[in-house]
Amino acid sequence: MEFLKEFGLEDKYNLYPAQLSGGQRQRCAIIQQILCSEHFLLMDEPFSGLDLIMLEKTCELIAKVADMDDLNTIIVVTHDVTAACSVADHLWLMGHGPDEEGKTQPGARIVKQYNLIDKDLCWQPAIITTPRFTDFVREVKEEFRRL
């Protein structure tokens, strides 16, 4: 019930998924992952379909879950660079890297890695409001465009 309240869904407790909006179903899926996982969460596009307030709450909740236990591992797959950077301590960009002959290879691979701990860009409240965070996100987006 605490998570339902946190995500503004306490009044939807007894409804079926078909009775929820897309954003409400997305938030329920995030809550389900958090409650059903033991130290490992894999989230695929958890930020899509969320309005700005729920996006912020989701990022806060992911950070909260990460802080609950040193053993917690959270992998977020997303195209939302800003949200990903705001909750990450490591970031991996995936793309189609060239082979030895310079030809594009099929399938995505990790082509760039960032350690946000070394850059002092993680585990800080309101990090997204700092100029160095904004500069970092801009750098990542430029790198992503080159892929």
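- No continuous path of ILVMFWY side-chain contacts below 4.5 Å connects L91 to I110, so the two sit in separate hydrophobic clusters.
- The line from NE2 of H39 to CD1 of I74 is 12.0 Å long, rounded to the nearest 0.5 Å.
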Scan the side chains in residues 51-62 for donor-acceptor partners under 3.5 Å anywhere in the protein, sequence neighbours excluded, and list what turns up.
| from | atom 1 | to | atom 2 | distance (Å) |
| --- | --- | --- | --- | --- |
| D51 | OD1 | I53 | N | 3.1 |
| D51 | OD1 | M54 | N | 2.8 |
| T58 | OG1 | M54 | O | 2.7 |

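- Ion pairing between R138 and D135 holds under the 4.0 Å rule for side-chain N and carboxylate O.
- Placement of F7 and L35 within a single hydrophobic cluster is found when ILVMFWY residues are connected by side-chain heavy-atom separations under 4.5 Å, directly or transitively.
- Both I31 and L50 belong to a common hydrophobic cluster when Ile, Leu, Val, Met, Phe, Trp and Tyr are linked at side-chain heavy-atom distances under 4.5 angstrom.
- The distance from atom CE of M94 to atom CD of Q113, rounded to the nearest 0.5 Å, is 11.0 Å.
- Pairing each heavy atom of I128 with each of S86, the nearest pair is CG2-CB, 3.5 Å.
- Atom CD1 of residue I75 and atom CG of residue D44 lie 11.5 Å apart, to the nearest 0.5 angstrom.
- Side-chain contact check for P106 versus H96: every heavy-atom pair is 4.5 Å or farther apart.
- With rounding to the nearest 0.5 Å, the separation of CD in Q33 from SG in C28 is 13.0 Å.
- I30 and M43 make their closest contact through CG2-CE, 3.4 Å (heavy atoms, listed as atom of the first residue, atom of the second, distance).
- Evaluation of the ring-ring contact (aromatic ring centres under 6.0 Å, His included) test over residues 124-147, restricted to residues two or more places apart or in two chains, returns Y114-F136.
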| task | Evaluate the side chain to side chain contact (heavy atoms under 4.5 Å, CB included) criterion for residues V76 and L42: first the C-alpha distance (whole Å), next the side-chain angles of each, then the deciding distance (0.1 Å), finally the verdict. | result | CA-CA 6 Å; V76 178; L42 177 58; over 6 Å; no
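- Separation of atoms CD (Q124) and CG (L116) is listed at 10.0 Å; rounding is to 0.5 Å.
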| field | Verdict with reasoning, K112 to V140, per side chain to side chain contact (heavy atoms under 4.5 Å, CB included) | value | CA-CA 9 Å; K112 183 92 177 191; V140 171; over 6 Å; no
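- Remark: the backbone N or O of L4 is not paired with any side-chain donor or acceptor of R27 at under 3.5 angstrom.
- Judged purely by atom type and a 3.5 angstrom limit, T134 uses its side chain to pair as donor or acceptor with the backbone of T130.
- Considering only heavy atoms from C-beta on, V111 stays 4.5 Å or farther from E143 through its side chain.
- Note that the CG atom of D67 and the CG atom of N72 stand 9.0 Å from one another [nearest 0.5 Å].
- Enclosure of atom CG in L93 by more than 12 non-hydrogen atoms of other residues, nucleotides or ligands within 6.0 angstrom is indicated.
- The stretch residues 5-23 participates, sequence neighbours left out, in these side chain to side chain donor-acceptor pair (under 3.5 Å) pairs: S21-Q24.
- Residues L71 and L41 are members of separate hydrophobic clusters, defined by side-chain heavy-atom contacts under 4.5 angstrom among Ile, Leu, Val, Met, Phe, Trp and Tyr.
- Side-chain atoms of H79 and E45 include a donor-acceptor pair closer than 3.5 Å.
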